[in-house]
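Throughout, numbering of the chain's residues begins at 1 and tracks the sequence.
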Amino acid sequence: VQLQASGGGLVQAGESLRLSCTASGSQFRGISMAWYRQAPGKQREWVATISSSGMANYLDSVKGRFTISRVNAKKELYLQMNGLKPEDTAVYFCNRLPPPYAWGPGTLVTVSS
């Protein structure tokens, strides 16, 4: 399975970004998918999960600002990020819930204050 995340960039605090993730080579529809992030000098952390039926869960610090969604027919996962804060700066990765597929390169989100 290959996971390709995209949509990152440099934004100012308060602005929005929409991340996309395309999964290729394996079943996607019946699998819970997630977004993770890794800030400079920190361990990778879980951000949000969406089940195969569309139920979502979020890290407390992003609740109300981030929305995870998916389009199974396209094998695509999304993360709408609003009200971005400097502490959201990180490389964002998509993957399934553990055990993970091989990690892709992620996409860098930089939020300036």
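Side-chain contact between Glu45 and Arg37 is present, with heavy atoms from C-beta onward closer than 4.5 Å. The shortest side-chain heavy-atom distance between Gln2 and Tyr101 does not fall under the 4.5 Å cut-off. Annotation: side chain of Ile68 is in contact with side chain of Leu77 (closest heavy-atom distance under 4.5 Å). Contact check for Arg29 versus Lys75: no side-chain heavy atoms found under the 4.5 Å cut-off. Side-chain contact between Leu84 and Gln12 is absent, with no heavy atoms from C-beta onward closer than 4.5 Å. You'll find the side chain of Leu108 reaches within 4.5 Å of the side chain of Thr110, heavy atoms only. Side chains of Met33 and Leu3 form a contact here, defined as non-hydrogen atoms less than 4.5 Å apart. Residues Leu19 and Trp35 form a side-chain contact, since some pair of their non-hydrogen atoms from C-beta on lies under 4.5 Å apart.
In this structure, Arg70 contributes its side chain and Ser51 its backbone to a donor-acceptor pair below 3.5 Å. Side chain of Arg65 to main chain of Gly83: a donor-acceptor pair is present (N/O by atom type, distance under 3.5 Å, no hydrogens or angles).
Considering CD of Gln4 and SG of Cys94, their distance stands at 8.0 Å, rounded to 0.5 Å. Rounding to the nearest 0.5 Å places OG of Ser32 at 5.0 Å from CG of Leu97. Atom OG of Ser24 sits about 11.0 Å away from atom CD of Glu76, to the nearest 0.5 Å. We find the OH-OG1 distance between Tyr36 and Thr49 to be 6.0 Å, quoted to the nearest 0.5 Å. Rounding to the nearest 0.5 Å gives a distance of 8.0 Å between CG of Asn95 and SG of Cys21.
Across Gln43 and Gln38, no two heavy atoms sit closer than the pair C-CG, 4.0 Å. Ser52 and Ile31 make their closest contact through CB-N, 4.0 Å (heavy atoms, listed as atom of the first residue, atom of the second, distance).
Both Tyr58 and Leu17 are part of a single hydrophobic cluster, where members link through side-chain heavy atoms under 4.5 Å apart. Under the 4.5 Å side-chain heavy-atom criterion for Ile, Leu, Val, Met, Phe, Trp and Tyr, Trp103 and Leu79 are members of the same hydrophobic cluster.
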Please report the C-alpha distance between Val62 and Val47 in whole Å, then the side-chain angles of each, then the deciding distance to 0.1 Å, and finally whether the side-chain contact (heavy atoms from CB on, under 4.5 Å) criterion is met. CA-CA 7 Å; Val62 308; Val47 174; 4.1 Å; yes
Test side-chain contact (heavy atoms from CB on, under 4.5 Å) applied to Thr67 and Tyr78, step by step: CA-CA 8 Å; Thr67 303; Tyr78 307 100; over 6 Å; no
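Between Asp60 and Lys63 a salt bridge is recorded (basic side-chain N to carboxylate O distance below 4.0 Å).
Residue Gln80 places its CD atom among more than 12 non-hydrogen atoms of other residues, nucleotides or ligands, all under 6.0 Å distant.
Note: Phe66 and Tyr92 have tilted aromatic rings, judged against thresholds of 30 and 60 degrees for the angle between ring planes.
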